[in-house]
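Written below as structure tokens is the structure these notes are about.
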Amino acid sequence: MYEASAQHQQPAVPVLGEQRLDEFLGAVPGQGHWRYRPRGLGMVWRSKAFRAGAVVTLLALCGLVILALVREQTGTEGFLVGLGLAVLPVPLLMAAFRWLDRVDPGPWRNLLFAFAWGACAAALVAIVANTFATRWIATATADAVSADTLGATVIAPVVEESAKAAAVLLIFLFRGREFGSLVHGVVVAGFTATGFAFTENILYLGNAFGEDQQLGTTGFASATAGTFFVRAVMSPFAHPLFTVLTGIGFGLAALGGRRHRVRRVLLPLLGLVLAMGMHAAWNGASALGGLGFYAVYGAFMVPCFALVTWLAIWSRQRELRTLAAELPVYAAAGWLTPAEPLALASMRARSSARDVARRWNGHQDPARGAGAARAVAEYESFATSLAVLRRRARHGGAEGDFAARERELLHHLWQRRDVAGPALTYAAQVTGRIRRPIPPVPPPVPPHLPRQYLYGHTAPVRPGGPVPAPHRHYGGHNPYLHGGHNLYLHPDGPAPGAAGTRPGC
């Protein structure tokens with residue numbers, strides 16, 4: 001009785017199903033008039049601006065702390081002298097690593113993060129951990145000399161290489177799409193180690209200057225001159241060489257894609273262990289005296305440096321060969337001219353194409369010429385990314401969004417081909433990359449014909465369009481297929497509705 005009367009007294013509640021959905025949605029007020037707003041709990045952590053700000057803040061705090069520690073140990077004058085001398089080899093090292101990365105350059109934000117991590121975070125961890133460990137060993141053994149030797153040959157290599165490897169690991173995990181080759185690992189590791197060596201050199205040179213001030217020594221016989229010669233002239237590559245071994249491990253792991261999980265773990269660990277071992281050998285050589293140190297330097301460090309340099313340059317050339325091997329399939333489909341893969345596989349032809357585009361378009365308007373050169377440079381970058389993406393797909397490293405990423409890159413190429421195509425073709429001719437006559441580019445499919453996917457599946461036809469044309473066939477074998485990925489290789493642009501559809505088609 002009570003339940004029945006309670007139900008009878010309840011007001012009628014409108015049901016959504018009784019209204020038409022379009023009428024209901026049309027009655028919803030605009031966002032500016034919302035009374036009930038979604039809660040932002042937890043969303044702040046997903047904001048790119050928040051994460052970038054947190055990283056910058058963390059590195060800035062580490063930089064302030066390391067600045068205070070180094071200044072306290074060296075004094076203001078020693079700090080300024082050390083800073084002025086330590087900065088000299090930095091541009092040369094950064095330019096060398098950036099030269100290696102010219103084929104498929106990574107974004108500057110990754111490299112600046114790596115340098116800042118090495119100079120601030122890794123240096124702070126190293127100073128605190130090394131000092132604490134050395135003092136603990138000296139207290140436990142009551143032998144300060146042995147504690148210093150053990151700290152330099154065992155503790156310091158493990159702590160410093162682990163701290164520097166953290167930057168490479170972070171970029172490897174959170175910027176995986178921008179970390180896809182051995183060269184990328186070498187460059188990121190090199191920038192990290194350059195930053196670390198920069199801070200360490202300030203400390204060593206500042207202390208040497210303080211000793212000279214106390215002893216009154218000047219000129220080439222001073223400790224400052226000797227320290228600068230050993231650290232900035234003889235071995236500016238020491239720390240980069242150690243950490244580059246870790247970067248090579250991460251680079252080899254990145255080549256295999258995400259499917260090789262064991263390889264993605266073991267190769268970076270192996271590189272880190274080798275970096276620690278080489279670092280320990282280098283630090284231990286200082287305990288052998290002058291002749292022993294130079295013997296280790298000539299018999300071990302120089303050959304290792306030459307070997308790693310050769311490997312990095314070989315990897316750079318391998319990236320160029322990847323362009324020559326992967327891009328002809330897009331030229332055969334009409335996306336590129338036949339000469340473009342040849343020009344893109346040569347750094348000389350690339351540079352010539354940018355100069356040609358600037359000269360052709362900048363006679364009366366220098367700004368237009370600069371814009372044309374920038375368009376060619378962007379075209380080269382997108383084409384390189386496309387070749388790397390396809391190589392990873394062929395080797396089993398393709399991700400689920402392979403087709404979308406390929407379509408996006410093709411869209412960017414299509415937007416710039418009117419400027420970049422003629423410039424690259426001309427550059428291939430003047431640099432001698434063309435050794436035989438190039439067949440004419442097939443004419444594009446007329447707009448009234450439907451575009452087709454590479455596999456013969458007809459793309460969606462616009463409303464009111466004609467009946468789909470017959471499927472393409474490649475004699476029973478399509479050389480452009482791989483692993484079921486939908487490669488949008490259309491002579492006249494992307495499929496209707498795709499990101500790369502040409503205006504007016």
Original post:
How are the rings of His239 and Phe242 set to each other: parallel, tilted or perpendicular (split at 30° and 60°)?
Top reply: perpendicular

Original post:
Do any N or O atoms from the side chain of Gln317 and from the backbone of Trp314 form a donor-acceptor pair under 3.5 angstrom?
Top reply: no

Subject >> Any donor-acceptor pair under 3.5 Å from Ser235 side chain to Ala238 backbone >> reply: no

Subject >> Electrostatic pair Arg417-Glu340, nearest N-O below 4.0 angstrom >> reply: no

**OP:** Would you kindly say whether Glu319 and Ser181 are connected by a side-chain donor-acceptor distance under 3.5 Å?
**Re:** yes

Original post:
Can you check whether Phe172 and Phe179 have ring centres sitting under 6.0 Å from each other?
Top reply: yes

Original post:
Taking all non-hydrogen atoms of both residues, which atom of Leu323 and which atom of Ala383 are closest, and how far apart?
Top reply: CD2-O, 3.8 Å

**OP:** Using the six-membered ring of Trp108, assess whether NZ or CZ of Arg98 lies under 6.0 Å from its centre and within 45 degrees of the ring axis.
**Re:** yes

**OP:** Before accepting this row, confirm whether a basic side-chain N of the pair Glu326/Arg390 lies closer than 4.0 Å to the acidic partner's carboxylate O.
**Re:** yes

**OP:** Mind listing the closest non-hydrogen atom pair of Ser315 and Val183 along with its distance?
**Re:** CB-CG2, 3.5 Å

**OP:** State whether Trp360 and Arg368 meet the cation-pi test: NZ (Lys) or CZ (Arg) under 6.0 Å from the six-membered ring centroid, and within 45° of the perpendicular axis.
**Re:** no

Original post:
Between the main-chain N or O of Leu424 and the side-chain N or O of Arg350, is there a donor-acceptor pair closer than 3.5 Å?
Top reply: no

Subject >> side chain to side chain donor-acceptor pair (under 3.5 Å) between Lys164 and Thr192, intermediate numbers included >> reply: CA-CA 6 Å; Lys164 289 182 287 184; Thr192 306; over 6 Å; no

Original post:
So among Glu406, His412, Glu408, Arg407, which one has a side-chain contact (heavy atoms from CB on, under 4.5 Å) with Leu410?
Top reply: Glu406

**OP:** Taking atom types as modelled, find out whether Arg348 and Thr431 have a side-chain donor-acceptor pair closer than 3.5 angstrom.
**Re:** no

**OP:** Look at the side chain of Trp335 and the backbone N and O of Val329, then say whether any donor-acceptor pair between them is shorter than 3.5 Å.
**Re:** no

Original post:
Is the distance between the ring centroids of Phe300 and Trp282 less than 6.0 Å?
Top reply: no

Original post:
Is the Lys NZ or Arg CZ of Arg231 less than 6.0 Å from the centre of Tyr204's six-membered ring, within 45° of the axis?
Top reply: yes

Original post:
Under the 3.5 angstrom rule, does the side chain of Ser351 hit a backbone N or O of Met347 as a donor-acceptor pair?
Top reply: no

